[in-house]
Amino acid sequence: MRVPRGCALSVLASLLAACGGGGGATSPAGSSPSTPSAGCSGSCANSSTYLTANDVQSVLAQGIAEAHARGRNATLAVVDRVGNVLAVYRMGSAPSRSVLIASQVDASNNPLLHSGLDGIRLPAPQLALNLDAEAAISKAITGAYLSSEGNAFSSRTASQIVQEHFNVGQAHAPSGPLFGVQFSQLACSDFVQSAAGSALAPGPGPHRAPLGLSADPGGFPLYKNGTVVGGVGVMADGVYGVDRNIDAADANLDDEAVAYAASYNYLPPVDRRADRITVDGVTLRFSDADESQLKVAPGMAGAFVGIDPSFGALISVSGYSDGALHAGLPYGEPSSGVRADAGNNFPGQDAFIFVDAGNSPRYPSIAGSEGSNALKQQEVGQILSSALAVAESARAQIRVPLGSNAQVTISVVDSQGNILGMVRTRDAPLFGADVSLQKARTAAFMSSSAAGSFLAALPDASYLATDANGYPQLDAMSNVMLSPVSLGAYVTAGQSFFGRPGFLNDGAIAVSDRALGNLSRPYFPDGIEGTPNGPFSKPIAAWSVFSTGLQLDLAFNAILQHVLYVASDGALLPDVGTNCAGVALSSALAPTATVSSKQLANGLQIFPGSVPIYRGTQLIGAVGVSGDGVDQDDMVAFLGLQRALQALNTGLSQAPASMRADTLQPQGTRLRYVECPQAPFLNSSQENVCEGF
C-alpha cells in the first residue's frame, strides 16, 4: 500500500505537525520489502555502514505512526548491531503500560502457568514497576543478534526454534534446534557488556539484553546496503510471550505490525530472510505482518521531530538508555568491540576478535589453571585456529546463498570456567558469542567431579509468588512473597534418573552440550509426548520457554534482580553483578552473591555445540561453538579439537570413549555426545567426518 510522499493522508493530520523527514519508500538508506541481497555474503560491513541519528529517528517515526493509527500505545526500542540502545520511546503513561510475561493466556488474558518467569505481570497495584522497555529492548537485540548478511531472523523466528517441538505444535517432534537460547545475553553474564558511564553512550559490545533473547514476535533486524546494522523491538499488546500456533497467521499483530512499519526501508534483503531458509526440511518464519496489514504507509510517517509530544517521549532506562537519541557504531570497527584480527594471532585466517574500549583484545589465548596438566597458551591458540579452519570449510546450515561457509564464534575455557581464548568468523551472528562461552563452560562444568556439590550448595531460586492475574504478592510487612525452588533437587533427580549415586560428583562421565540437552527437555526421549521429563527439565505441565528447569533456576535470582532493578529505575535494588550463579534473594529482595567461581558465570546452555578437553583422563577444559546449525556447531567443536590434537601432539585428548555420555542408556535410551552433518564440507564429498575419534 505504498503511496507518494506528502501530506495527503488525513489520518496523519492529527499525528504530525510537519511532513517530510523519515525515509520514504524510495529511500536508498535501507531495504524495501523486495530489495535483493546486493551480493552481500559477509563482507559488506564497513566504517560507513551504521545507523545514523536520522536513521533512528526515521525508524521511530514510522513505528509511532503505525501504533497511533492502530490506537495502541507502544514502547519502541532501537539498538545497533552490537546491542547499544540508541533510543527508547514510550507512548502513553508508564502506569498504562502493563506487561504480562506468559507463554499462554486464558480468554481474560490471564496467565495459565505460574512458574519461573512465566505468569509475572507488572506494574502491580502496589509496585510501580514497568517491563515494557525491557521487553522492547530484548526484542530489538534479538533481531540484531540472530541476524547476519547471510540470514535475517526475527523474534518470531526465535519463537519457532526454542519451543518443546519443532515444528511448533507437531506432536512427537524433537524440540527446537536452539532450545534454551532465550536464556543467553543475560545481564549477569561476565562476557556481555553493560553501558558505561552516566551518559550510557554507545560503546564496545556485545551488550546485554534485560530479558535475554526474545521469542515474542515484534523484533526485527535493521539493514542498510545489504548488511545488518541493528534491530527494532516493539511492546504494544501487553503480553510478552511466544507464538504457540504457527499454522495460521496471528490475529493480533500489533507488536509485529508496528515493528514491521518501523523497519520499513531498513528491512533485510528479501532473499536472506528466515522464510528463505530451511532447517530439517522446515521453512523458518520471519513475519506474519506485511505491507497489506499496515494502517499507514511508512513513507508518509513524516519527521520524528514533528510528532505531537502528547503521544509519548524518549525515556531513560536504567542500565541501557539515558533518554537521548544516539547514532550506532559501525560493526567491525574497534569502537564496536568487534574487529578483524588482521593476522596478528590467526595468520592466514579471516578471524575477528573482541576488543575493549582501548582496542586491546579482551580474550587472547592464555594458559589454564590446572597446574602442569593445564592447557598451554599454544594449545589454546591451536584449538581456536583449527576450529576456525573447520568452520571456514564447512557448509553453512542457516545462511544463503547456498555454498556459504559456516559463521560461528569459538570459545575455550579451563575446567574452572576461566576464559582462555575466543575468536569468531567475520559475519557470525552476535548471539553466538555469549552462547559459545555458555556451551564451553557447560561442558567443562557438567563433566567435572564437583558439579553436583556446586549446584547443591547454591541458594534456592526465589520465584515470585503471584496471584491469578500474575501480580506479585506482598506479605504483611510489604515484602515481596517468594516461593523457593531447590537446585539440589536437580542433582538428586539426575542421580536417580541414571541410577548412579556419584553422577555429577565423580567426574566419571564426559558431558557435551548435546548430551545435557537430551536430559533438559520436558520429554525424554526428546519430543515423545507421554514420556516423563528429563531430570534437568520441568515436567511439561510446569514447563515453558520462561521456565525450563535447571537452566533458568540456577540464574533465576540474578535475572530477577536485574529485571527489577531496571523496572524500578534502580530504586528497588542495585544492578546485578557479573556472575549468573550463586545470587541469593531475601524476601526484602536484598541480593547477596554467594560464589566467585566462573564455572557458570554467564549461565548454562542446553543445545549442542561443545565438548570437554582432557589430558589423558584429567578434565582440563572445554571448547564451545555457536552461530550456525547445531550439527555444524558440534562438528566445529569436536573436529576442530581433534585436528588441533593432531597438529600439537602434546598429550591433549578428546574425552576417552569409555567416559563419554553416549555410553549411558538411561530409561533404555542412549544419550548423544556429538552429531556431525553429512557431507559437511564445501569442497569435498567426505562423509562421517567425526567417526573414529
Side-chain angles (χ1 to χ4, degrees), residues 29-31 45 49-52 55-60 62-63 74-89 133-149 151-159 181-182 184-185 192-193 195 202 205-236 240 255-256 258-269 272-274 286-287 289 317 320-321 325-331 336-338 427-434:
S31 304
T49 311
Y50 61 94
L51 286 170
T52 66
D55 292 327
V56 177
Q57 289 183 346
S58 178
V59 169
L60 290 176
Q62 292 177 158
T75 302
L76 301 90
V78 181
V79 303
D80 67 11
R81 185 171 181 176
V82 295
N84 285 295
V85 178
L86 307 182
V88 180
Y89 187 97
E134 296 182 66
I137 291 169
S138 285
K139 290 187 186 188
I141 285 178
T142 300
Y145 278 17
L146 288 179
S147 301
S148 71
E149 290 180 18
N151 73 288
F153 288 0
S154 64
S155 57
R156 180 174 293 281
T157 314
S159 181
V181 76
Q182 66 271 28
S184 65
Q185 331 305 318
V192 293
Q193 305 275 58
H207 288 273
R208 56 190 185 171
L211 294 174
L213 288 185
S214 176
D216 185 30
F220 288 116
L222 300 172
Y223 281 69
K224 290 178 68 174
N225 303 320
T227 190
V228 58
V229 289
V232 59
V234 172
M235 191 71 237
Y240 184 78
D255 286 5
E256 198 165 53
V258 173
Y260 188 90
S263 64
Y264 200 89
N265 291 317
Y266 302 91
L267 284 163
R272 303 300 160 94
R273 297 179 202 175
F286 182 70
S287 174
V317 181
Y320 292 89
S321 174
L325 187 148
H326 298 274
L329 298 176
Y331 170 80
S336 74
V338 185
D427 194 40
L430 261 294
F431 85 92
D434 187 61

Exercise for review: Measure the acute angle between the ring planes of Tyr260 and Phe220, then classify it against the limits of 30° and 60° as parallel, tilted or perpendicular.
Suggested key: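 Perpendicular: the ring planes of Tyr260 and Phe220 meet at over 60°.
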Smallest separation among heavy atoms of [X] and [Y], with atom names:
| X | Y | answer |
| --- | --- | --- |
| Tyr240 | Ser138 | OH-CB, 3.8 Å |
| Ala135 | Met235 | CB-SD, 3.6 Å |
| Gly226 | Pro269 | CA-CG, 4.1 Å |
| Pro268 | Pro221 | CD-O, 4.2 Å |
| Ala74 | Ala236 | CB-CB, 3.8 Å |
| Gly218 | Ala259 | O-CB, 3.4 Å |

Under 3.5 Å, is there a donor-acceptor pair between the side chain of [X] and the main chain of [Y]?
| X | Y | value |
| --- | --- | --- |
| Gln185 | Phe431 | yes |
| Ser321 | Val317 | no |
| Thr52 | Ala327 | no |
| Thr75 | Ala136 | no |
| Gln62 | Tyr264 | yes |
| Ser154 | Phe286 | yes |
| Asp80 | Val82 | yes |
| Lys139 | Pro217 | yes |
| Thr49 | Ala45 | no |
| Ser263 | Tyr266 | no |

Kindly compute the distance separating [atom1] ([X]) from [atom2] ([Y]), expressed to the nearest 0.5 Å.
| X | Y | atom1 | atom2 | answer |
| --- | --- | --- | --- | --- |
| Ile141 | Leu211 | CD1 | CG | 10.0 Å |
| Ser184 | Tyr145 | OG | OH | 10.0 Å |
| Leu325 | Leu60 | CG | CG | 6.0 Å |
| Tyr320 | Ile137 | OH | CD1 | 6.5 Å |
| His207 | Asp434 | NE2 | CG | 13.0 Å |
| Arg273 | Ser147 | CZ | OG | 11.5 Å |

Practice item. Could you tell me which residues satisfy side chain to side chain contact (heavy atoms under 4.5 Å, CB included) with Ser155, sequence neighbours excluded, listed by chain and number? Key: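 Thr142, Ser214.
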Exercise for review: Identify, with sequence neighbours excluded, every residue that meets side chain to side chain contact (heavy atoms under 4.5 Å, CB included) alongside Ala144.
Suggested key: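 So Ala144 forms a side chain to side chain contact (heavy atoms under 4.5 Å, CB included) with Val79.
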Beyond-backbone contact of [X] with [Y], side-chain heavy atoms, under 4.5 angstrom:
| X | Y | result |
| --- | --- | --- |
| Tyr331 | Leu430 | yes |
| Thr157 | Leu146 | no |
| Asp55 | Lys224 | yes |
| Phe153 | Pro429 | no |

**Study point:** Chi angles and distances behind the side chain to side chain contact (heavy atoms under 4.5 Å, CB included) call for Leu86, Leu51
**Key:** CA-CA 9 Å; Leu86 307 182; Leu51 286 170; 3.9 Å; yes
Check your understanding: Is Asp427 salt-bridged to Arg81, cutoff N-O under 4.0 Å?
Key ->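 Here Asp427 pairs with Arg81 in a salt bridge, since their nearest N and O are under 4.0 Å apart.
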